[in-house]
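Presented below is the structure to which this report refers.
Proteins come first, then strands; the chains are lettered A, B, ... in the order of their sequence lines, and each starts at number 1. Quantities reported herein were computed from a predicted structural model and do not represent experimental measurements.
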Amino acid sequence: MPLLMPVVLACLLFAVGIFGVLARRNAILVLMSVELMLNAVNLNLVAFDVYLRDQLLAGQTFTLFVITIAAAEVGLGLAIVLLVYRNRETAQLDDLHQLREDDPGPPDVRDDTRETAAR
Amino acid sequence: MTDVLEVALRVALVLGVFLVLPLLVGQTEHKAMAHMQSRLGPMYAGGFHGWAQLVADGVKFAQKEDIVPTAADRVVFKLAPAVALIPYLIALVAIPLGPGVVAQDLDVGVFFVLAVMAVGVLGPLMGGWASANKFSLLGALRTAAQLMAYELPFILAAASVAMAAGTLSLVGIVEAWEPWWLIWQLPAAVVFFVAGLAELQRPPFDMPVADSEIIFGAFTEYTGLRFALFLLAEYAGIVVLCALTTVLFLGGWHGPYDDVLGWLWTLLKTMVLAFVVIWLRVSYPRLREDQLQRLAWQGLVPIALLQLALTGVVVVART
Amino acid sequence: MKIPGAGLAKGLTVTMRTMTKRSVTQQYPEVKPELPPRSRGVIALLEENCTVCMLCARECPDWCIYIDSHKETIPAPPGGRERQRNVLDRFDIDFSLCMYCGICIEVCPFDALFWSPEFEYSELDIRDLTHGKDRLGEWMATVPAPPAHDGHGVRPKEVDAALKALDKPARERPARKPAPGPESEDAG
Amino acid sequence: MTVVEVMFALLGVIAVGSAILVVTTQHLVHAALWLVVTLGSVAGCYLLLSAEFVAWVQVLIYIGAVVVLLLFGLMLTRAPIGQSDDLDSPLGQRIAAAVTAASAGAVLVASVVTSFRGERIDLSDDRVAGSTGDVGAAVFRSWVLPFEVLSLLLLAALIGAIVLSRRDVSAGPAGARMGVVDEFGEIAEADGVVR
């Protein structure tokens with residue numbers, strides 16, 4: 001098999017992942033796009049590992065590690081997203097700009113501090 | 001040409017097992033549960049003690065109207081039963097019946113079966129979300145929560161026996177099995193079986209389909225054949241779980257005259273375990289959500305980890 | 001000492017023990033149930049005994065007995081005079097109303113009503129549950145024979161009287177055969 | 001083209017196609033389900049590259065755990081059935097994203113094509129490059145230190161997730177800010193706000 005096949009596939013997947021991260025507003029969709037990019041990297045690692053006949057199997061081993069880290073990342077990321085959703089009732093990344101300096105803000109942006117104090 | 005024939009034969013065998021054993025388990029459940037409740041169970045269909053009840057059920061399901069709710073996500077809704085059922089069919093491929101009687105001896109057998117079973121759980125999730133019904137959604141949420149809790153002890157327990165045998169191949173595990181493992185791997189066996197029951201959402205772990213609370217969970221909106229497929233998936237899941245427990249922990253085909261009767265021992269052990277599944281269903285009430293989570297995280301996971309440590313120590317000491 | 005899991009094992013033994021016992025299910029259409037004596041299935045009418053006294057209809061708590069009749073004059077026998085008697089035209093019991101209390105049978109002074117254990121008379125139309133006197137008469141065939149007297153029970157007064165009469169010297173009374181109690185007409 | 005290459009090409013097309021659907025579909029849950037297809041076909045690619053173990057780990061962890069988690073998250077954030085209009089950024093940002101992605105992809109593809117044209121992966125012999133035994137030996141002989149570090153990282157992530165999702169961990173101002181209403185009460189309240 002030409003080495004180019006898996007490697008180009010990985011590049012394409014990575015590009016799609018970049019597009020997803022940049023173009024999506026929903027936090028969970030962004031997480032999914034990150035997963036796509038991680039998969040592209042994994043595919044690359046495995047392809048080169050097989051291509052080079054690595055005696056230490058570094059590529060596949062690190063693929064396993066990346067998969068593990070991805071699972072941890074999704075777990076943590078989702079915990080954060082759920083927390084944000086719980087407090088703001090939205091998972092849209094564009095709406096999370098309270099730390100921005102001098103934010104006139106659309107009128108429907110809620111003042112989080114006053115809201116919770118009122119509770 | 002003979003290769004093609006052999007493959008076809010193996011596939012046919014797996015398909016036959018897949019179609020017969022779940023029905024057998026279902027019929028056993030009908031009758032055993034009935035007698036445990038001082039009833040007789042089905043007595044009419046087929047004449048002798050209602051042996052054809054499930055065939056009749058199948059015919060009935062096939063005749064029913066296939067309804068998709070208006071607000072449902074049609075494609076996902078229709079796809080969900082297949083997603084729930086097919087993984088169990090694929091999982092059966094790797095399970096050995098007797099010495100040399102296996103559809104495909106895989107190097108990563110245990111892993112393969114566990115991975116494929118993990119895909120099967122997407123079915124209820126998809127169905128529950130796509131039904132556009134709040135009870136279905138609740139059922140799907142409960143399914144997801146339950147799966148995340150029980151997947152870990154399930155795999156840890158399987159890892160213990162794989163470690164003891166020094167291989168992930170199911171055939172290899174059975175070949176390495178010795179009777180004293182029954183004691184040595186007992187905690188892992190119990191953890192595996194219980195966690196597997198929870199993954200299948202069988203009572204007493206049937207929170208996700210609890211019919212007295214959320215109607216029928218993710219399957220509420222399903223009718224006719226699609227509903228039947230979900231039910232079949234449940235019983236196929238029982239068969240796969242019991243066969244897997246047999247192969248991993250009860251020594252598979254080991255028994256008297258196992259070079260000839262091996263397949264019989266495997267089937268017998270599987271059916272005994274399936275009976276235990278039914279027995280547990282009749283005996284215990286449904287666990288509450290907090291009890292469910294507590295059992296997984298405070299009971300099964302520590303036991304599985306301890307078992308893993310014990311297995312490691314024994315394996316290292318023996319070599 | 002409390003063994004962990006003892007409760008779980010107990011639950012399992014209960015179900016297992018139940019499984020080995022005979023189940024209590026009655027396979028009704030194939031196997032007829034063994035009804036206890038004096039089962040209240042349906043009410044049968046012995047038309048000849050009915051004098052249209054209307055007691056049953058009046059005592060019925062939910063008024064489910066309908067009786068119509070007319071008077072008939074019997075031509076005078078030679079040397080006698082004409083007599084009138086009641087003739088039953090209609091005797092219906094609406095079993096959709098009947099609550100099987102059995103009061104009508106208790107109050108009937110002439111033993112025209114009986115309990116029959118037959119219970120298979122369901123209908124698709126509720127109106128068909130009103131049985132006419134012909135239908136009620138047909139049930140008479142299913143009325144079981146009255147149970148024999150309990151040997152330890154109190155003897156009927158008639159038997160006592162007859163026995164007392166038997167004890168007296170035969171010459172004081174004209175010889176008469178005492179009727180044995182249980183076979184007397186009013187036993188049922 | 002051998003059979004393996006044809007199958008790989010097919011799987012690649014499926015993977016890229018479903019990946020594009022993941023990032024463009026307007027149905028939240030469909031995105032997760034298309035992700036399953038992508039991950040599955042990437043697993044198939046691993047199998048064709050004879051990395052068996054990695055392939056099944058991919059299925060078990062990604063589809064069995066990660067996607068279930070994602071679906072769980074989607075359901076908890078009330079993914080609606082049907083199209084949602086607010087998944088994508090404004091058009092300008094999307095165009096910019098597309099340009100960025102396309103140029104990144106073009107650069108990457110161009111560079112790998114110039115570097116590795118004509119190179120072939122040798123899959124002719126029957127040796128499995130990633131059998132369980134080989135991978136196991138590699139992980140626990142050569143890479144045992146990263147493995148241990150990874151386990152530590154996982155533990156940290158576990159604790160982090162627990163701390164994030166529990167509300168009774170800190171009684172300080174931060175904990176008070178999060179509120180002490182239980183989850184279902186909170187959701188009911190959110191209902192009132194949104195509708």
Side chain, backbone, both or neither: which part of D:Leu74 has an atom under 4.5 Å from a heavy atom of chain A? both
Exam field: side chain D:Thr24 to backbone D:Ile20, donor-acceptor pair closer than 3.5 Å: yes
Go through the atoms of D:Ala65 and report whether side chain, backbone, both or neither lie under 4.5 Å from a heavy atom of chain A. neither
What part of A:Ile80 lies closer than 4.5 angstrom to a heavy atom of chain D: side chain, backbone, both or neither? both
On a heavy-atom basis, the closest approach of D:Val23 and A:Gly20 is CG1-CA, 3.5 Å
Against chain A, label D:Leu35 side chain, backbone, both or neither, depending on which of its atoms sit under 4.5 Å from a heavy atom there. side chain
With a 4.5 angstrom heavy-atom cut-off, is it the side chain or the backbone of D:Phe116 that approaches chain A, or both, or neither? both
A:Glu35 and D:Tyr62: side-chain donor and acceptor closer than 3.5 Å? yes
Donor-acceptor check, side chain of D:Ser103 to backbone of D:Thr100, threshold 3.5 angstrom: yes or no? yes
Check each atom of D:Ser115 against the heavy atoms of chain A and say whether the ones under 4.5 Å are side chain, backbone, both or neither. neither
Which residue pairs pass the side-chain hydrogen bond (donor to acceptor under 3.5 Å, both in side chains) test when at least one of the two sits in residues 9-22 of chain D, sequence neighbours left out? D:Ser18-D:Thr38
Per-residue contact mode, A:Leu56 against chain D (heavy atom under 4.5 angstrom): both
Does D:Trp143 have more than 12 heavy atoms from other residues, nucleotides or ligands lying within 6.0 Å of its CH2? yes
Under 4.5 Å heavy-atom distance to chain A, tell me which part of D:Phe147 shows up: side chain, backbone, both or neither. both
For A:Phe19, is it the side chain, the backbone, both or neither that has a heavy atom under 4.5 Å from a heavy atom of chain D? both
Does any backbone or side-chain atom of A:Thr63 lie under 4.5 Å from a heavy atom of chain D? Answer side chain, backbone, both or neither. side chain
Parallel, tilted or perpendicular, as decided by the 30° and 60° cut-offs, for the rings of A:Phe62 and A:Phe65: perpendicular
Answer with side chain, backbone, both or neither: which region of D:Ala32 has an atom nearer than 4.5 Å to a non-hydrogen atom of chain A? both
With a 4.5 angstrom heavy-atom cut-off, which part of A:Leu78 approaches chain D: side chain, backbone, both or neither? side chain
So for D:Leu153, is it side chain, backbone, both, or neither that comes closer than 4.5 Å to the heavy atoms of chain A? side chain
So, the part of A:Ala27 with a heavy atom under 4.5 Å from chain D: the answer is neither
For A:Ile18 and D:Ala104, the nearest pair of non-hydrogen atoms, with its separation, is CD1-CB, 3.7 Å
